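Below is one structure, written out as structure tokens; comments come after it.
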Amino acid sequence: MYQLQQQKTRPQITAHLAQTMNLLVKTVQELGEEINKELAANPALELNEEIRCPQCNRPIPTGGYCPVCTKPKIMSPEETIVFISPRIDFTPQTERNEEVDEPSTIMLEELPVHVFKQIAPDLPVEDREIASFLLNQLDEDGLLITPLSEISEYFHVSMERVLAIQSIIQHADPIGVGSTSPQQALLVQIEMLSETKNIPEFTRLLIEEGFGLICQLKYRELSKKLSIPIQKVKLVGEFIKNNLNPYPARAHWGSVRQPEAFDSQAYTQPDVIISFLNNNEENPLMVEVILPVRGTLQINQLYKKAILEADENKKSDLKAELEKASLFIKCLQQRNNTMQKLLEKIVTLQRDYILHGDMKLRPITRAQLSKELQVHESTISRAVSNKSVRLPNGQIIPMSKFFIRNLNIRALIHEIIENEKKPLSDTAIVELLDKKGIKVARRTVAKYRALDGILPAHMRKKYNK
DNA sequence: CTATGGCACGGATT
DNA sequence: AATCCGTGCCATAG
């Protein structure tokens with residue numbers, strides 16, 4: 001008897017878990033697709049109308065009250081609101097004074113002008129027209145979409161001349177603009193950077209030979225293919241992430257990049273948005289876990305009734321669909337619940353970091369959090385991986401950045417070096433850190449330096465002034 | 001002799 | 001089980 005029951009309930013529970021896990025890994029975009037798929041496939045599932053807050057017109061979660069309008073009055077600035085935000089676009093309802101949210105349109109108009117101003121003096125008058133034409137062929141990433149050959153044909157000039165112009169453009173401010181591919185952009189950047197920074201060996205080779213693989217961080221394969229030690233390949237990967245930008249026109253690149261492919265969705269819609277309530281720094285932090293639908297998923301009531309009147313032999317099929325629908329809803333709720341709990345914890349722990357930057361990042365591990373939240377480690381891992389978060393300052397970071405254990409020290413070293421009067425040797429830096437109560441090996445300092453592409457002490461002096 | 005980079009090992013994390 | 005990360009030891013450059 002008991003056995004039977006076990007066998008009957010078991011598969012359901014695991015199905016539930018499996019689906020929840022499945023949903024947990026998904027980013028907003030993927031989740032959106034999943035929900036739409038389910039919605040289309042299952043008539044028992046429906047999307048009700050979205051509810052908006054009567055005061056601020058913000059789409060609000062199922063419960064009914066608007067987290068933005070109702071809560072702040074009873075909250076102190078140190079507190080945090082975390083909620084699930086059912087919406088697709090993330091343009092703030094309040095004002096339209098946002099220039100951050102529309103980088104592409106602004107860039108499209110501004111970028112060519114911006115670059116042209118820089119290079120015009122270096123160009124003979126006859127070439128300016130070509131340059132300006134070329135600059136208008138850039139996509140929103142700052143890459144050239146028209147083949148150079150077409151341009152040379154169009155103007156009836158030699159390829160060399162076009163190349164020369166392109167080269168000048170590439171060396172202007174967003175270094176690498178006007179390249180024909182992310183690869184080329186990277187190469188130009190390396191060339192420029194090599195004057196002030198230390199480029200790891202093989203960087204060039206890896207970009208030329210294994211660009212695709214590098215993007216996907218297939219270090220293993222790369223090291224086999226080009227027979228380079230895997231350690232070195234990783235170093236190069238790190239370096240590229242930290243110092244180069246394959247899409248010159250995109251802001252917020254720098255140290256902010258993440259494992260995934262370079263063109264991942266991190267730049268479009270973040271999974272979580274952290275901001276000050278009503279953009280006022282006095283207010284509490286507001287954390288929105290984005291749900292990619294308007295409205296709320298629910299069981300179709302008509303469908304429920306229809307079951308009662310249906311043929312006996314069809315009833316079970318219909319019921320199965322109903323089950324599936326309610327399971328899906330449950331799983332989705334659980335996913336949201338987990339995300340919400342997790343974000344609450346993260347924001348509490350990393351508040352200083354969110355407000356004040358890299359140096360305040362606290363070293364925390366997923367394992368710690370999993371204990372505090374009473375969930376399995378892998379749950380946290382899933383929830384964190386592939387997700388992106390938008391900070392109040394507009395930066396979009398991978399969620400995993402909250403768990404980088406040594407970022408604060410790295411930032412500290414960075415700062416020490418920037419404020420140094422005389423170039424400090426690694427050992428000197430170790431001593432400085434030691435006085436601050438941080439004990440690190442000399443070798444480690446060297447490694448961090450290399451990661452950020454900072455030259456060793458004796459090479460640094462010349463470029464500092 | 002000092003400052004750094006290379007390699008590789010072992011413990012922690014995922 | 002796979003990967004990440006700090007470190008120690010050694011080689012090399014200046």
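Letters go in sequence order (proteins before strands), and every chain restarts at 1. When reading the values below, keep in mind they use all heavy atoms of this one structure, side chains included, and skip hydrogens, waters and symmetry mates. Everything quoted here is computed from the prediction, not taken from an experiment.
Side chain of Thr338(A) to main chain of Gln334(A): a donor-acceptor pair is present (N/O by atom type, distance under 3.5 Å, no hydrogens or angles). Listed for the Asp426(A) side chain is no donor-acceptor partner under 3.5 Å among the backbone atoms of Arg442(A).
The nearest whole Å value for the distance from the CG atom in Asn386(A) to the C1' atom in dT14(B) is 14 Å. Protein atom CD of Gln368(A) is 14 Å distant from nucleotide atom C1' of dT14(B), rounded to whole Å. Residue His458(A) contributes atom NE2, which lies 6 Å from atom P of dT4(B) at whole-angstrom precision. Summarising the geometry, the separation between CE on Met459(A) and P on dT4(B) is reported as 11 Å, rounded to the nearest angstrom. Rounding to whole angstrom units, CZ of residue Arg366(A) and P of dT13(B) are separated by 12 Å. As a whole-Å value, the separation of Glu377(A) CD from dA1(C) C1' is 14 Å.
Between Leu235(A) and Ala367(A), the one whose closest nucleotide on DNA chain B sits nearer the 5' end is Leu235(A).
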Task: Full working for side chain to side chain contact (heavy atoms under 4.5 Å, CB included) between Val287(A) and Phe83(A) - done: CA-CA 6 Å; Val287(A) 182; Phe83(A) 61 93; over 6 Å; no
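The closest side-chain heavy-atom distance from Ile274(A) to Val347(A) is below 4.5 Å.
For the residue pair Arg351(A)/Thr80(A), the side-chain donor-acceptor check at 3.5 Å is satisfied.
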Open item on the list: So if I define the base as every atom that isn't primed, P, OP1 or OP2, how would nucleotides 4-10 of chain C read as a B/S/- string at a heavy-atom cutoff under 4.0 Å?
Closed with: SSSBBB-
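Nucleic acid contact for Arg449(A): sugar-phosphate only, since backbone atoms but no base atoms lie under 4.0 Å from a heavy atom of the residue.
Remark: Arg362(A) fails to qualify as a cation-pi partner of Tyr353(A) under the 6.0 Å distance and 45° angle criteria applied to the six-membered ring.
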